[in-house]
Number of protein chains: 2
Amino acid sequence: MPKHPITDARADGLMIGELSRQTGVNIETIRYYERIKMLPAPPRTTGGRRIYGPLETRTLLFIRRARELGFSLDQIRALLALGGPGKATCSEVCAIATRHLDEICSKIADLQKLKRLLSRTVAQCSSDAVPDCAVLDVLYPPAVKTNTTMRGKVNASR
Amino acid sequence: MPKHPITDARADGLMIGELSRQTGVNIETIRYYERIKMLPAPPRTTGGRRIYGPLETRTLLFIRRARELGFSLDQIRALLALGGPGKATCSEVCAIATRHLDEICSKIADLQKLKRLLSRTVAQCSSDAVPDCAVLDVLYPPAVKTNTTMRGKVNASR
DNA sequence: TCTAGTTCCTGTAGCAGCTACAGGAACAAG
DNA sequence: CTTGTTCCTGTAGCTGCTACAGGAACTAGA
């Protein structure tokens, strides 16, 4: 009767491949999430295959979205716990999100510092020989300007 | 005669602890760099301890600086190769730096998108009960708004 | 000379967050 | 019954480190 690959047992419920297709989350990743207890272990068919209901789909989409927004798995775990049966206040949820927002802001600030430095440096590129390359000048420590040709002097036991 | 912990063999040259202190790079990290061939294996004392010369110090500082600027180890390897004995043009070095700069820029752009979305969302925090939390609304997929209390229905073998 | 304390050595395992196998069992369709 | 697909478990790999364990080498003091 059903022509889609709905398989066995209770007819509603997806197998892992379908869940993966519907959520855009890799199969191996789904199993990984189960292993690290991000997702509850779903029931199985008699043959041992996982069957997922709408709740799991929803949870997985939640996780995926949160990952896209850069939340760590631990943060997501906390969010799921707050949204869960215990119930909590919105401000607790916001606290996690705000902390994450702070992290994002400081990451942006760091990257912008890098960007300024690097683009200033790259702009000086001369296309000439390497010894005068501005990029290498920024990278190499300015102090030790010693002769680069002093190798293999010490010993060499072993 | 020497009161500083310069040990054995040729008197110039640092042991790994001193190198670590001077460069600010963790001892274990230095050995790790050697293992993955970021740093050449240095000569050893008869007792088997590594002795580093000024070139190694310089290289390690280079690596550290490049890491601070967010270059990957592979990129740094490439930079070191270019700066090395083969010599290359400044534009080759700049090519690597420019690619890295592009990565930084797109990371910044991504993070700023996140930042806007998250801060807009967090701003709506009501401090009230969870069901109406704006953060969770953003995270949860808008489609499936089904009853959350339908668990443990399918089967439960195993 | 013996001993204590420090530094160093190798090798292995762990972190996040996956991804990619190998080798086998279960299923659907011809 | 066979073929092909999907699924299963378990393990190892990725990046860039960090942290151990268990032992060897060195220094300084008694």
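Below, chain A is the first sequence line, B the second, and so on; all start at residue 1. Small disclaimer: the values here were computed from a predicted structure and weren't measured.
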With the side chain defined as heavy atoms from C-beta on, A:Ile27 is closest, among C:dT12, D:dC7, C:dC9, to D:dC7

Separation of D:dG16 atom P from B:Arg64 atom CZ, nearest Å, is 17 Å

Considering only heavy side-chain atoms of A:Tyr32, the closest of C:dC8, C:dT19, D:dC7 is C:dT19

Open item on the list: Tell me whether the side-chain N/O atoms of A:Tyr33 come closer than 4.0 Å to OP1 or OP2 in C:dC18.
Closed with: yes

ask   = Looking at B:Arg35, does any N or O in its side chain come under 4.0 Å of the phosphate oxygens OP1/OP2 on C:dG11?
value = no

From CZ of B:Phe71 across to C1' of D:dG16 the rounded distance in Å is 17 Å

To the nearest angstrom, the CZ-C1' distance between A:Arg77 and C:dA16 comes to 11 Å

Whole-Å distance, B:Gln75 CD to D:dT15 P, equals 13 Å

Sorted by chain and number, sequence neighbours left out, salt bridge (Lys or Arg N to Asp or Glu O under 4.0 Å) with B:Arg77 holds for B:Asp74

Worksheet item: Does A:Arg64 pair with A:Glu68 as a salt bridge, N-O distance under 4.0 Å?
Response: yes

note: A:Ile36, atom CD1; C:dC15, atom P; distance rounded to Å ~ 11 Å

Per atom distances to the A:Arg44 side chain, the nearest of D:dA19, D:dG16, D:dC8 is D:dC8

Considering only heavy side-chain atoms of A:Ile16, the closest of C:dC18, D:dT18, D:dC7 is D:dC7

*Carefully, step by step, assess A:Glu34 and A:Arg31 under the rule salt bridge (charged side-chain N to carboxylate O under 4.0 Å, His left out).*
CA-CA 5 Å; A:Glu34 182 181 328; A:Arg31 283 197 284 248; over 6 Å; no

C:dT19 OP1/OP2 closer than 4.0 Å to side-chain N/O of A:Thr29 = yes

Closest of D:dC8, C:dC9, D:dC17 to the B:Arg50 side chain is C:dC9

Looking only at C:dT10, C:dC21, D:dG16, the nucleotide nearest the B:Ser72 side chain is D:dG16

Between CG of A:Leu73 and P of C:dT19 the distance, given in whole Å, is 11 Å

### Message
Between B:Gln112 and B:Ile108, is there a side-chain heavy-atom distance shorter than 4.5 Å?
### Response
yes

Rounded to whole Å, CD of B:Glu34 lies from P of D:dG16 at a distance of 18 Å

Side chain to side chain contact (heavy atoms under 4.5 Å, CB included) with A:Leu14: of A:Ile51, A:Thr23, A:Leu19, only one passes, and it is A:Leu19

ring-ring contact (aromatic ring centres under 6.0 Å, His included) filter on B:Tyr32, not counting sequence neighbours, yields none

Quiz item: Sub-3.5 Å donor-acceptor pair from the side chain of A:Glu92 to the main-chain atoms of A:Thr89, do we have one?
Solution: yes

Would you say the side chain of A:Phe62 lies within less than 4.5 Å of the side chain of A:Leu79, judging by non-hydrogen atoms? yes

Write out a two-atom table: protein N or O, nucleotide N or O from nucleotides 23-26 of chain C, distance below 3.5 Å.
from   : atom 1 : to      : atom 2 : distance (Å)
C:dA26 : N3     : A:Arg49 : NH2    : 3.0

Whole-Å distance, B:Met38 CE to D:dC17 C1', equals 13 Å

The residue, B:Asp74 or B:Arg31, whose nearest nucleotide of DNA chain D is more 5′ is B:Asp74

Contacts of B:Gly17 and B:Glu28 projected onto DNA chain C by closest heavy atom; the upstream (5') one is B:Gly17

